[in-house]
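Below is one structure, written out as structure tokens; comments come after it.
When a ligand or atom number is given, it counts from 1 through the structure's own listing order. Just so it is clear, the values below take in all heavy atoms, side chains as well, and ignore hydrogens, waters and symmetry mates. On a predicted model such as this, the values are computed, not experimentally measured, just so you know.
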Amino acid sequence: MSLNRFMISIGILLALLNASAAYAGSAVRDIRLWTAPDHSRLVLDLSGQISYKLFRLHKPERIVIDMMHTTMQASLGKLALPDPVLKSIRHGKPEKGVLRLVLDVKEKVQPRSFLLKPMQGKPYRLVLDLMRPEQTQRDAVAASSRSKKGIIVAVDAGHGGEDPGAIGPHRVMEKDVTLAVAKKLAAAINKMPGMSAVLTRKGDYFVPLKRRVALARKAHADMMISIHADSVRQRDVKGASVYMLSDRGATQDRAARALAAKENAADEVGGVTPLDQVSDPLVSRILGDMFRRDSLNSSQMLAEEMLHRLKKAGPIKYSSPKRARFVVLLAMEIPSVLVELDYISNPSRERQLRSSKHQKALAEALLDGSVGFFEKMGRLKTSARDQSSVRSPYASL
Ligand SMILES: [Zn+2]
């Protein structure tokens, strides 16, 4: 073929590709499934915006999504199916240019869907939540807190599901580290007489920030710890830091403010609907003039206790607690801290964060910090960890 004819052929081919791209509109590039206790979430990565229709079919129960001018480029085979809600999934083309997804579900689920705009390197996404029926929804947190007495610690594993949090140079994800440490901490707390833990997240799924706070409240938590791992561009930065909520007028430094903004963006990455953003009257009241300073003081004490113990487990970035406006710390009546375990952006610290042994050491430090705090508050006998004896758990704070 002469060069000229070759160029013409290429030209025609490109024109054809353009035409088909224009016709096809958008494509589903990837698909992910996240299983939470009360729902399963399907997320579709899209090459662009789409319009779609969602409807239910009965006997057998199915959820159908018709996406206009959309093609399928993702593999459905990679989904871990069946999950507690979703039995199977298939796609077809009921008419020209329409991509249909059919979801066979195990029960009469309540579907809800929303589109997310591109952000933080994520493309346009279609989120489909299959909410389990009310009667089968078991609020594990409420159920467990009813049966338990004594001091209750809410352990919050940062991020999850669609929101990986920070990602280390060797692709270790913050959401996995936080969950591993949170589970180890919860197990250690549950071994302590007079203490029990509730996890705001138990698996790889996303929980909106305000829901985490609501779960801690529902469990009547006496303390809340939100676990994270930090990340910066400079690879050699290392060490743990502990944060608490800042008072309204208090000056927060720029780094702390930037960190809070980053952590608070989790909702947008993880995917929340306006429905999730319920206004919490307690939060608004707290943010008003009735700011509860005593609670801030106990959070400060808790933060100092945590830092003191973390020093034994690894390097420390800041020697005193820092303050910023983290959404997850808004349960003002509960002493709350947010712990950045270390910098996942540092390759050697990333390796440590991934190691089960180090995770255990960190969990031990956080347990010691919690115990030390309740001892100082007079709710646990001094050195309760060794003596395994507990004073009245309801002694006044
Ligand atoms: Zn985080």
For this session: Run through the protein N/O/S atoms less than 2.8 Å from the Zn ion (ligand 1) and write them out by chain and number.
Result: H159 NE2, E174 OE2, H228 ND1, E263 OE1, E263 OE2
Exercise. Between M224 and I334, which heavy-atom pair has the shortest distance, and what is it?
Worked result: N-CG2, 3.7 Å
Exercise. Taking only residues at least two apart or on different chains, which pairs with a member in residues 25-56 satisfy ring pair (Phe, Tyr, Trp, His ring centres under 6.0 Å)?
Worked result: none
Exercise. Any Lys/Arg nitrogen of D104 or R90 sitting under 4.0 Å from an Asp/Glu carboxylate oxygen of the other?
Worked result: yes
Exercise. Quick check: does any side chain N or O of T70 sit under 3.5 Å from a backbone N or O of M68, one acting as donor and the other as acceptor?
Worked result: yes
For this session: Examine R257 relative to Y243 and say whether NZ or CZ is less than 6.0 Å from the centre of the six-membered ring and inside a 45° cone about the ring axis.
Result: no
Problem set entry | Option from K175, R125, R41 for which salt bridge (Lys or Arg N to Asp or Glu O under 4.0 Å) with E162 holds | R125
